[in-house]
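Report on the following structure.
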Amino acid sequence: MSLSNREIADIFETVSDMLQLKGENVHRVLAYRNASESIRAWPRDLRTMQREGASFNDIPNIGDTLSEKIIEMLDTGKLQFYDKLAAEVPKGMIDMMHINGVGPKKAQRFYKELGIHNVQELEQAAREGKLRDVSGMGAKTEANILAAIEALSRQTTRTPLGVAYPIAQSILERLLAMPNVLQGVAAGSIRRGRPTIGDVDLLVAVTSMDEAPPIMEAFVKMDEVERILGNGPTKSSVELHSGLQIDLRILAQERWGTALAYFTGSQAHNIRMRGLALDKGLSLNEHEFSDPQGEKEPILCATEEDVYAAVGLPYIAPELREDRGEIEAAQQGKLPKLITLEDIHADLHMHTTWSDGGLTVREMAEAALERGRKFIVITDHSRSLGMVGGLTIEQLWEQQAEIRQVDADMNGKIRVFHGTEMEIKGDGTLDYPDDVLEKLDFVIASLHVSLRQPREQITERLINAVNNPHVDLIGHPRGQYIPDREPADLDMDAVFAAAKDSGIALEINANPRRLDLEADYARLAVELGCLLAINTDAHAADNMDLMHYGVSTARRGWVEAKSVLNTWPLEKFLDWVQKRGR
DNA sequence: GCCGTTTTCGGCCCGACTGTTTTCAGTCG
């Protein structure tokens, strides 16, 4: 029984926790943690790599030792090292370490002094007032742990970007309206466009730190605050009623660049940046570059460009800051010319009242025109998807007549084309025959049903659609839904190879609950020579405003505009479609 | 345990805040 990338990443993460609990060398602990994160982000299937004889040392943070451990897991489905540790460390103690404010040291003390093995026993002891007697603890620690255990049960997963982003913007707008606030931004993983958010990092600049206290006070007293987790002069954290944690940092305008860079992260990117600074004899933190010997004057940076310039690099876009080769690319002058929201002037995937959308064809066209789109494709669901009113072939032609009329009425201000989002059915066949597909302007094929089929079966199903010459785009290829539904178990290497051969495009679905393809897959797809499209899958007018999420995802995947169908001029797009099966 | 214009050993980012301490350890990001 071979393990998936995710399962192997989970094992390394738990090994890291167990080593930490045992008080192992912090760098060894970190090595397992970094390896876990690298594998989690790695887009290629380790089983496939092993079959091809590829080296796992190409994966960042995987050396000879961990490479051997991966092979052991792939061959046997187990890791002896893990089993040995698991026999020594009670599993409940790992869970205890995941409580906010409890680390390895406190978990050990609870275990040694009170014999507590797990979160339930810890909660019980806290309620009975026993924790305050543990050495180094007091009544406050006890209360905080109790509150943190309750918070843990409220929020177990990371928050989807599409949920966190509007909340962050709403709070930020209120802060920006306050006196003396010069500028503000949601930094952290929101700014990097990660699909899910741990907590929200807000940053605001003031002229002088004397102006900070009233801003901090207003922040921790907002209506939506459930409780205050920390409240200092420059940094405060609150938990909202929703369970989402928001951190606010206030800093002087003249240090905006270093602070913004620091709080945008990622942590891995920051560590590399600090290393580059040290190479130049400078220590970098959120405030400044300083001389460790204290001989030279500190360097303040008001912009991020200044920060990168100080270590001899060009500006690196936030979406690239994951230590996935962006530092090296910057050093070699090989950073990608990333796609921007302004590059997008079409939307190739949207629904109307013909199936499960909320607006008519004409209303969608007008809404798209208002948003500056130059052309759109109406792609309602196909006949087998009865739950959402999929169109029969007869309805498809009625719809085509309406779309032609709307297109004519728009008088060239925006072009409206007729497509479909056709179901790839559970048995692997497509929902419309070829003689129907060739009469449409554009064809998307998508998976919505039987997403839990075994790997071989569902991969073959998708590749069958990729190879149909009438299909132009695969919609949300992996079928994930954030945060609840895992992607289908697809052999993406095989899908990308087939997509390259057939010349078909793959979607980055911009809906923040999908973001599918995700960044690492989009990056691999382009590297392998595939084309992409970024679409909103809009079911209503305001859904069209979600495009920026898709663009961030593409940017995280190092995608340039030239690889994306809906950045092309209309003529080029039509030419491309015509050279495919119609 | 990883990694290499410090390359097979010896480093490995750095500060804010909290709570319990009387000067700092633990945790977090």
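Each chain gets a letter, A, B and so on, in the order its sequence line appears, and its residues count up from 1.
Between His287(A) and dA16(B) there is a side-chain polar atom (N or O) within less than 4.0 angstrom of OP1 or OP2. Here Asn285(A) reaches the OP1 or OP2 of dG15(B): one of its side-chain N or O atoms lies under 4.0 Å away. Neither OP1 nor OP2 of dT18(B) sits under 4.0 Å from any side-chain N or O of Thr141(A).
In this structure, Ile145(A) atom CD1 and dT18(B) atom P are separated by 16 Å, rounded to whole Å.
Residue Leu30(A) is classed as having no contact, given no heavy-atom separation below 4.0 Å to the nucleic acid. Residue Asn34(A) is out of contact with every strand shown, counting any heavy-atom pair closer than 4.0 Å. Residue contacts for Asn61(A): at a heavy-atom cut-off of 4.0 Å it reaches the sugar-phosphate backbone alone, with no base atom in range.
For His117(A), the ring-ring contact (aromatic ring centres under 6.0 Å, His included) partners at least two apart in sequence or on another chain are Tyr111(A). Taking the ring-ring contact (aromatic ring centres under 6.0 Å, His included) definition, one finds that Phe496(A) meets it with nothing, sequence neighbours left out. The side chain to side chain contact (heavy atoms under 4.5 Å, CB included) test applied to Arg109(A) returns Glu113(A), Val134(A), Ser135(A), Met137(A), not counting sequence neighbours. Shown here are the ring-ring contact (aromatic ring centres under 6.0 Å, His included) partners of Tyr165(A), two or more places apart in sequence or in another chain: His548(A), Tyr549(A).
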Reading 5' to 3' through nucleotides 21-29 of chain B, protein heavy-atom contacts under 4.0 Å coded B for base, S for sugar-phosphate only, - for none: -----SSSB
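Considering only the side chain of Thr65(A), dC2(B) comes nearest among dG15(B), dC14(B), dC2(B).
For the P atom pair drawn from dC12(B) and dT6(B), the interatomic distance equals 13 Å after rounding to whole Å. Rounded to a whole angstrom, the distance from the C1' atom of dT27(B) to that of dT20(B) is 14 Å.
Among Gln120(A), Arg127(A), Glu121(A), the one residue that satisfies the side chain to side chain contact (heavy atoms under 4.5 Å, CB included) test with Glu123(A) is Arg127(A).
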All N/O donor-acceptor pairs, side-chain side in residues 192-199 of chain A, below 3.5 Å, sequence neighbours left out:
residue, atom, partner, partner atom, Å
Arg192(A), NE, Glu322(A), OE2, 2.8
Arg192(A), NH1, Thr264(A), O, 2.7
Thr196(A), OG1, Arg158(A), NE, 2.8

